[in-house]
Amino acid sequence: MGPGSDTALRHVERALADSERRLSAVVDLAPLVLFACDAAGTITLLRGAGLQALRVDAGTLIGTNVFALLDDSGRHDVSTLLERALQGEETHGVMRFGDTVFEGSFRPQRASSGAIAGVIAVYHDVTLAHRSQEQVRHMAYHDPLTGLPNRARLEERLAEGLARGRRTGRALALLYIDLDEFKLVNDSLGHAAGDELLCEVAQRLDATTRACDLLARHGGDEFMLLVEDLEPDDEHAVEAVAANVLAALAPPFTVDGAEFQVGASIGVSVWPRHGREPAELLQHADAALYQAKAQGRGVHAIYDPRTGSSRGRLTLTARLRRALEQDEFELHYQPIYGLAGGEQLAMEALVRWRDPERGLVLPGDFIGVAEGSGLIDDLGTWVLEEACRQMRAWIDAGLEPYVSVNVAPRQLRDAWFARRVAHTLDRFGLEPNRLMIEVTESAAMLEPQRTDPLLREVGELGVRLGIDDFGTGHSSLARLQALPFEALKIDRSFLRGVPEGRNETRMLSAVLALAGALGMSVVAEGIETDAQRAFLAGAGCQYGQGFLLGRPVPAGEIAATMRR
Ligand code: C2E
Ligand code: MG
Ligand code: MG
């Protein structure tokens, strides 16, 4: 061979070396672990960027025995896969090393004789995919606000708990916890404060929960506590848990700088006494909650099959929906009087639920739930229509009604609200000024970009606007003046210390002066005593409403006072 072919050979060698270096670089960059061993388990290849996560020095491991290595590090899971591969089976697996997750397979290699010569393996790093899968799983099973397990997780755990109970013969209790005054905070301080309160409640509840029990957020202001491993007939243990929960929520909460008392009601059902299946236990805990609420607030009730069977099937939301369908709501009317002349000028329509089981239920017990569940949209529409229908009937009977209707914050998020109002007035042939829409101060001040145009639209119809429960929220004076509010209703909490309390009377006078400066008329709510009425009249408050002047009564009764 001449010098020419020598050069050619060197060329080929260099090209091969280059190619191998490139391949090597690629292999060492790939998030893989490449492995090979012979039939005895001697490592012949160990490469790939995935090795960094294993914290091994591949160079020193070549030629050592892989089984010894795995035994030393206690990875019997991996040796098993490898052994099976050495017996001729292709094995797949997921391996965790610390936070890193690998997925791949061991593949047997055969010599030309057919005998197994060794095993090769390719594992890739799937940590990221795993992490996002876990995130998705976490999201599917947790409430984003409080971080607590959600309803789906609760139902799963309940099923697991029942299976455990069947094996061990131990009982299990489900506590359905519902906050009593949540709506008040949400309405007066806004949703951000409401969220903050829910998180604090979740923390307090969590602190009372044993590690083996499950606390979940069931939605809105409802929580569920699953308590396992109870003595089957030990009612006291269940009572103690419920009492603990109520005690944990008793001290006031501080939200947005203000202190709140947030009590709770609890309904309890016990497995196996109150049902054998998860759905049944959930229904019965809900029925018990209803029983607890009927006894007053801050109470727990254990499911009682004698009273629960007939109505235990429906949640409060479902019962309200049915109530709407079956026409169980009615409006009562409370008169509003001129304080100087003593004449009845208008009235406020207040909704009530004629529950066939409980009798007359006041809005404080269901408006919050109706708002939370969205039912308020339909209920609010019903209230408006019913008030307008009633006004038409009164006008036809020769009376001169002016009626205020309360509108919930959620209704103000409906871009069609003003058009609905206009349509309803039209349908009953009513002049718009017969209707006043009352919006609570906190609702009016929420979300100005959305609320302001809507309120202006209502004002342009000629419908009057009143700001309700004034003094319980935070108002922007600039917006109060810019919006077409005609009347301001002072919340009845302001009347509590009047006329004896110096601070209260001073506050009241200040509000009256403010309303005067803004050109708004004032209605004082909750006048219960003559002294209060006299003080208000003397302080220049034009209108008043309260038990002293007239309680809310059915339409038939108020008509009589209108005539007088
Ligand atoms: P509100 O609009 O401030 O209504 C006045 C509430 O104060 C009524 O309670 C009324 O019965 C009560 N009240 C009036 N005078 C006195 C008094 O002298 N002393 C005392 N202690 N209370 C007095 P009610 O009917 O239980 O309604 C409570 C709240 O429920 C209402 O407060 C209003 O915010 C809401 N609400 C009532 N009806 C509706 C409705 O149709 N839709 C909406 N969204 N909310 C309603
Ligand atoms: Mg009102
Ligand atoms: Mg009010």
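Numbering of ligands and ligand atoms starts at 1, following listing order. On a predicted model such as this, the values are computed, not experimentally measured, just so you know. Only this structure's heavy atoms are used, side chains among them; waters, hydrogens and symmetry mates stay out.
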Testing the basics here: between Leu435 and Val463, what is the closest heavy-atom pair and its distance to 0.1 Å? O-CG1, 3.5 Å
Can you confirm, on distance only, whether ligand 1 has an N/O atom lying under 3.5 Å from any N/O atom belonging to Leu350? no
Hey, is Glu348 one of the residues with a heavy atom under 4.0 angstrom from ligand 1? yes
Suppose I only count heavy atoms of Ile527 and a 4.0 Å limit; which atoms of ligand 1 are within that range? 18 (O)
Can you tell me if Pro552 has a non-hydrogen atom under 4.0 Å from ligand 1? yes
Option nearest atom 7 (O) of ligand 1 (shortest heavy-atom distance, choices Glu438, Arg496, Arg492): Arg492
Applying a heavy-atom cut-off of 4.0 Å, say which part of Glu525 lies close to ligand 1: side chain, backbone, both or neither. side chain
For Glu348, which of Gln334, His332, Gln545 qualifies under side-chain hydrogen bond (donor to acceptor under 3.5 Å, both in side chains)? Gln545
Can you tell me how far apart CG (Leu548) and CG (Leu495) are? Round to the nearest 0.5 Å. 11.0 Å
Within ligand 1, which atoms have a heavy atom of Glu528 less than 4.0 Å away? 17 (C), 18 (O), 19 (N), 20 (C), 21 (N)
Should Gly526 be listed as contacting ligand 1, given a heavy-atom distance under 4.0 Å as the test? yes
Region of Thr440 that comes within reach of ligand 1 [heavy atoms, distance under 4.0 Å]: neither
Applying a heavy-atom cut-off of 4.0 Å, say which part of Lys489 lies close to ligand 1: side chain, backbone, both or neither. neither
Does the pair Arg427/Glu385 count as a salt bridge with the N-to-O cut at 4.0 Å? yes
Can you give me the OE2-the Mg ion (ligand 2)-OE1 angle for Glu348 and Glu438, to 10°? 90°
Specify whether an N/O/S atom of Thr440 falls short of 2.8 Å from the Mg ion (ligand 2). no
Using the six-membered ring of Tyr402, assess whether NZ or CZ of Arg464 lies under 6.0 Å from its centre and within 45 degrees of the ring axis. no
CZ/Arg456: more than 12 non-hydrogen atoms of other groups inside 6.0 Å: yes
Atom name in Asp468, limited to N/O/S, at shortest distance from the Mg ion (ligand 2): OD2
Side chain, backbone, both or neither: Leu331 near ligand 1, heavy atoms under 4.0 Å: neither
Nearest heavy atom to atom 46 (C) of ligand 1: which of Leu384, Val405, Asn406 does it belong to? Asn406
On the ring face of Phe428, is Arg434 found with NZ or CZ under 6.0 Å from the centre and within 45° of the axis? no
For Leu246 and Val299, which heavy atoms make the closest approach, and how far apart are they? CD1-C, 4.2 Å
Can we say Glu330 and Arg354 salt-bridge, meaning some charged N sits less than 4.0 Å from an Asp/Glu carboxylate O? yes
Could you tell me whether Asp452 and Arg479 have a side-chain N and a carboxylate O separated by less than 4.0 Å? yes
Parallel, tilted or perpendicular, as decided by the 30° and 60° cut-offs, for the rings of Trp382 and Phe329: tilted
Ligand-residue contact atoms, ligand 1 with Gly546, heavy atoms, under 4.0 Å: 15 (N), 18 (O)
Arg352 near ligand 1 by a heavy-atom separation under 4.0 Å: yes
Does an N or O from Gln545, backbone or side chain, lie closer than 3.5 Å to an N or O of ligand 1? no
With a cut-off of 4.0 Å, which atoms of ligand 1 are near a heavy atom of Gln334? 10 (C), 14 (C), 15 (N)
So which heavy atom on Pro335 is nearest to which on Arg551, and how close? CD-O, 3.9 Å
Check each heavy atom of Val351 against ligand 1 and say whether those closer than 4.0 Å belong to the side chain, the backbone, both or neither. both
State the atoms of ligand 1, each with its element, that fall below the 4.0 Å cut-off from a heavy-atom position in Ala408. 44 (N)
Electrostatic pair Glu156:Arg153 at N-O distance under 4.0 angstrom: yes
